[in-house]
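Numbering starts at 1 and runs along the sequence shown.
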Amino acid sequence: PIGQCHRSKFRLKANATRKAITSFGAEGPVEAMFAYGVFLACGCHRAANRGASRTACARWRAAVFPSGPRLGATDFSDASAASTEVGKASPRVFAKESPRASLTVTIPRTAVTVGAVEQIAALRVSESTPGLPKALLTDTHGRHHSYLRISLTEKCNLRCLYCMPEEGIDLTANDKLMTTDEVIRVAKLFVAAGVTKIRLTGGEPTVRRDLGDIVKRLRALDGLQTIAITTNGITLHKKLEELRNNGLTHVNISLDTLVPAKFEFLTRRKGHDRVLRSIKAACALGFDPVKVNVVLMRGVNDDEILDFVEMTRYDPINVRFIEYMPFDGNKWETKKVVSYAEAFALIEEKHPSIRRALLPGEDKSEVGKNFKIDNHTGSVSFVTSMTHNFCGSCNRLRVMADGNLKVCLFGQAETSLRDAMRAGADDEALMETVSAAVKRKAAAHAGMHDLKNLKNRSMIKIGG
């Protein structure tokens, strides 16, 4: 392709093209042809004729990846300054060595389109909102809330015992659920007030047809650093690459058993193999860590704890053991809870090297107690809502699919943002409503034995 472009009607200089291809990480003939296509698609051939190819390439990189390395396994050189010279920039690294194998990830072709710079820039402008005071999301106990969980739907393609009552639930009518634009409006305002992480939940978020568009629009919000999803993994493997290309940065997949027959009993549906396929796909696409949520239930899956730990040996999987929590219709009992102390003791007996560790991006508000084990690529965590609550550092808020704001997972108080928006509230009035709810947040939720007697929604209606 170097010689061809030298003789082409664009009159590209061979050295300028070579530098551009190098900057896109081309390592062979196929990659070189693709990189050359990227070079042309971005309009860099015109810039080269004007002697500005380096700036044009850097401009493309800065616009497509405005926040740096968002593709997990791909390590990009700094693309934040459009004036960086491509010829002097460090080549991109597309291979990451690990004990299991060499994992190669390339720039997704679907992300490269003619006019990509203009499209992304226009989207970022259209979705931007001026900054708001962080005090709006700071409660009376000094906790600033920088993490928002948004439930996109109440529908799910599984019927997990601890999540949905056996008799099912009455779904909220579609016209009572938040629309896509309402979801984005809420996200904009929360991000403007200091939210840096948004997690999309359900129900099952992948059943929502516009999930990819929602992720893409969230990616355009200035200040938002993390876009995560919690999913049952049944159909995730079909959509994950598109979601990653649109800006998804983190994945949590729920899986409570490694035994297919037990999976069918727990979820009242088939699909165990598809969940495993989604976990494998997430690892292959470079998500690190891939978080696997395991709700421990005595007499159900507590005999599989060490089997789940084994999943972390060769893959960047973070297995998260979650204490069983009470919600409407899940027949919670104290005797069903497998405590953090009990599960940890079992693992420590088998793996004496287990020790506390910081995971990438972890901060003081992290809900999991995280651990590493010698010779294991991944990690193990414990979410101890029942026996060791973490209310003192809680930074999470929830907006449910019907638009109700819930400031505490176990709290009964809810505030309808949907009704406020549909009544014509402007952004200032809407955030005043949000701030008032945040200011009413209690210092801590009730104890384990009291929670079971409190009225609360089923988990599927709250959002996992």
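The existence of a salt bridge linking Lys188 and Asp427 is excluded, since no basic side-chain nitrogen approaches an acidic carboxylate oxygen closer than 4.0 Å. Of the charged side-chain nitrogens involved, none lies within less than 4.0 Å of a carboxylate oxygen, so that Glu348 and Arg355 do not count as a salt-bridged pair. Under a 4.0 Å N-O distance rule, the pair Asp303/Lys262 qualifies as a salt bridge. By the 4.0 Å N-to-carboxylate-O rule, Arg217 lies close enough to Asp181 to be salt-bridged with it.
Heavy atoms from other residues, nucleotides or ligands lying under 6.0 Å from CG of Asn375 number 12 at most. The environment of Arg356 atom CZ is dense: over 12 non-hydrogen atoms of other residues, nucleotides or ligands sit within 6.0 angstrom.
With Ile354 as reference, Ile347 is the one residue of Asp374, Val309, Ile347 to meet the side-chain contact (heavy atoms from CB on, under 4.5 Å) rule.
With hydrogens and angles left out, the side-chain atoms of Glu204 and Asn157 include no donor and acceptor closer than 3.5 Å. Using a 3.5 Å distance cut-off with no hydrogens or angles, the side chains of Lys439 and Ser435 do pair a donor with an acceptor. Inspection of the Ser381 and Lys369 side chains reveals no N or O donor paired with an N or O acceptor under 3.5 Å. Between Thr230 and Arg199, the side chains place a donor N or O and an acceptor N or O closer than 3.5 Å (distance only, hydrogens not considered). For the 3.5 Å distance criterion, the side chains of Asn318 and Ser379 qualify, holding a donor opposite an acceptor. Using modelled atom types, one finds no donor on one side chain facing an acceptor on the other under 3.5 Å when comparing Thr172 with Asp402. At a cut-off of 3.5 Å, with distance as the only test, no side-chain donor of His250 or Thr226 sits close to an acceptor on the other residue.
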key: Derivation and outcome, side chain to side chain contact (heavy atoms under 4.5 Å, CB included), residues Leu255 and Phe263   = CA-CA 8 Å; Leu255 179 64; Phe263 176 89; 4.0 Å; yes
query = Between Glu323 and Thr384, does a side chain to side chain donor-acceptor pair (under 3.5 Å) hold up when you go through it step by step?
reply = CA-CA 6 Å; Glu323 292 179 339; Thr384 61; 5.2 Å; no
key: Evaluation steps, side chain to side chain contact (heavy atoms under 4.5 Å, CB included), between Leu189 and Leu132   = CA-CA 8 Å; Leu189 292 174; Leu132 297 173; 4.3 Å; yes
key: Glu342/Arg298 under salt bridge (Lys or Arg N to Asp or Glu O under 4.0 Å): CA gap, chis, key distance, verdict   = CA-CA 11 Å; Glu342 182 181 348; Arg298 191 177 306 282; 2.8 Å; yes
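Atom-to-atom distance recorded for Asn395:CG and Ser146:OG is 4.0 Å, nearest 0.5 angstrom. Remark: Asn246 CG to Lys239 NZ distance equals 12.5 Å, nearest 0.5 Å.
Taking the six-membered ring wherever Trp is involved, the centroid distance between the rings of Phe371 and Phe344 falls below 6.0 Å.
Judged by a 6.0 Å distance limit and a 45° cone about the ring axis, Lys197 is positioned over the six-membered ring of Tyr147.
Residues satisfying the side chain to side chain donor-acceptor pair (under 3.5 Å) criterion with Lys441, sequence neighbours excluded, are His145.
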